[in-house]
> 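Here it is, the structure in full.
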Amino acid sequence: MTEPQRRTLMDTHATERALSRMAREVVRLAGGAETLILVGIHRRGVQLADRMAAEIRAAGAVVATGTLDITLYRDDLMTVGPRPVVGPTRLPALGIDGRIVAIVDDVLYTGRTVRAALDELADFGRPRRTLLAVLVDRGGRELPIQPDVVGLTAEVPEGGRVEVLVPEIDGSLGVELVEAA
């Protein structure tokens, strides 16, 4: 069996630039950082949201952050197995009601992860507005969900996948295209 082919779509520097641009765009769409909450979807969306928040803070603004674990909101939960691993969902103590919530994820594909995130957020309150920021949009939607802010749009051949790498999990920062062997 042959190894899958890996190709770098964004190296560390390109990924940092994309996240910096995404952070500025989210703040612009939110009309400022005062009512903005960046919420990362577990796993890699959390690290990306943290990097975007650091960019916003470096610009002198304060931004709240949170995390979502959408495991129990998945529409394919029965296929995950009898004991799914559930991580923490953490939202700011003041809640999300009336705030602008930017959901941050690594790769947007079918839209099902974002649908689950929206369902979970609804259980915690009613934001004034919800934005979607994804590092990579690879197309192939099954649901009518579109991002507000995108770092990179990538065409992925059938059978291929996009892998976002973050130092906290993978030891490096970047985006790779993995094509089927």
Side-chain angles (χ1 to χ4, degrees), residues 1-26 38-55 65-90 102-120 131-181:
M1 191 167 185
T2 60
E3 288 291 314
Q5 297 294 316
R6 300 179 87 80
R7 183 169 47 102
T8 299
L9 296 178
M10 287 198 293
D11 62 13
T12 299
H13 187 64
T15 305
E16 288 171 343
R17 278 194 330 266
L19 289 169
S20 179
R21 179 183 50 77
M22 290 171 63
R24 289 189 308 273
E25 184 67 8
V26 165
L38 295 179
V39 178
I41 298 176
H42 280 284
R43 290 196 29 176
R44 289 165 178 82
V46 172
Q47 291 77 24
L48 299 176
D50 287 345
R51 288 176 178 280
M52 290 172 62
E55 287 286 332
T65 59
T67 65
L68 286 176
D69 185 304
I70 55 109
T71 302
L72 297 177
Y73 291 83
R74 293 172 56 124
D75 60 6
D76 63 350
L77 185 59
M78 297 307 292
T79 64
V80 174
R83 293 187 174 171
V85 177
V86 179
T89 289
R90 293 188 179 102
I103 298 172
V104 180
D105 203 10
D106 56 353
V107 179
L108 178 57
Y109 182 29
T110 63
R112 293 186 179 280
T113 296
V114 175
R115 187 221 31 96
L118 291 167
D119 287 348
E120 183 173 7
L131 302 169
L132 176 59
V134 296
L135 184 58
V136 181
D137 181 354
R138 62 160 288 171
R141 232 59 94 235
E142 294 175 3
L143 299 172
I145 292 175
Q146 297 299 320
D148 297 289
V149 178
V150 178
L152 172 74
T153 301
E155 287 192 31
V156 179
E158 190 169 332
R161 69 183 188 278
V162 174
E163 289 185 1
V164 171
L165 308 172
V166 294
E168 299 84 350
I169 297 171
D170 309 297
S172 63
L173 181 65
V175 178
E176 294 182 348
L177 173 64
V178 181
E179 297 186 46

> How many angstroms lie between atom CE of Met52 and atom CZ of Arg24, to the nearest 0.5 angstrom?
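Here the rounded value is 10.5 Å.
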> Taking the side chain as everything from C-beta on, heavy atoms only, tell me whether Asp137 gets closer than 4.5 Å to Arg141.
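Answer yes - side chains close enough.
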> Hey, are the side chains of Pro157 and Leu177 touching, using non-hydrogen atoms and a 4.5 Å cut-off?
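Result yes, sub-4.5 Å side-chain heavy-atom pair found.
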> Taking all non-hydrogen atoms of both residues into account, name the closest pair between Asp11 and Thr8 and its distance.
N-CG2, 3.8 Å
> Would you give the length of the straight line joining atom CD of Glu163 to atom CG of Leu9, rounded to the nearest 0.5 angstrom?
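Reported to 0.5 Å precision, the distance equals 10.5 Å.
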> For Ala133 and Val26, work out which heavy atoms get closest and say how close.
CB-CG2, 4.0 Å
> Looking at every non-hydrogen atom in both residues, tell me the closest pair between Leu173 and Pro167 and how far apart they are.
CB-CD, 4.0 Å
> Inspect the surroundings of CD in Glu142 and state if more than 12 heavy atoms from other residues, nucleotides or ligands are less than 6.0 Å away.
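Yes, the 6.0 Å shell around CD holds more than 12 heavy atoms from other groups.
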> For a 4.5 angstrom cut-off between non-hydrogen side-chain atoms, does Leu132 reach Leu108?
yes
> With distance as the sole test, does Thr65 use its side chain to make a donor-acceptor pair with the main-chain N or O of Leu38 at under 3.5 Å?
no
> Looking at side-chain heavy atoms only, is the closest gap between Val149 and Leu131 below 4.5 Å?
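A side-chain contact under 4.5 Å is absent here.
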> On a heavy-atom basis, which atom in Gly159 and which in Ala180 lie closest, and how many Å separate them?
O-CB, 3.6 Å
> Inspect the surroundings of CD in Glu168 and state if more than 12 heavy atoms from other residues, nucleotides or ligands are less than 6.0 Å away.
yes
> Please examine the side chains of Thr15 and Arg51, heavy atoms only from C-beta on, and report whether any two atoms are closer than 4.5 Å.
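No, every pair of side-chain atoms sits at 4.5 Å or beyond.
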> Would you call Asp170 and Arg44 a side-chain contact if the rule is heavy atoms closer than 4.5 Å?
yes
> In Å and rounded to the nearest 0.5 Å, what is the CD1 to CG distance from Ile70 to Leu118?
11.0 Å
> How close do Ala117 and Ile41 get, heavy atom to heavy atom, and via which atoms?
CB-CD1, 3.7 Å
> Among Leu19, Leu152, Leu165, which residue satisfies the side chain to side chain contact (heavy atoms under 4.5 Å, CB included) criterion with Met10?
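For Met10, the side chain to side chain contact (heavy atoms under 4.5 Å, CB included) check succeeds only for Leu152.
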> Any side-chain heavy atom of His13 sitting closer than 4.5 Å to one from Arg17?
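Yes - at least one pair of side-chain heavy atoms lies under 4.5 Å apart.
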> Would the number of heavy atoms belonging to other residues, nucleotides or ligands and lying under 6.0 Å from CZ of Arg43 be above 12?
no
> Closest approach of Tyr73 and Arg115, non-hydrogen atoms and distance?
O-NH2, 3.2 Å
> Got a second to check how far Leu68's CG is from Asp119's CG, nearest 0.5 Å?
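Between Leu68 CG and Asp119 CG, I get 11.0 Å after rounding to 0.5 Å.
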> Would you indicate whether the side-chain heavy atoms of Glu55 and Met22 approach each other to under 4.5 Å?
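No. Closest side-chain heavy atoms not under 4.5 Å.
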> CD/Gln47 to NE2/His42 distance, rounded to the nearest 0.5 angstrom?
8.5 Å
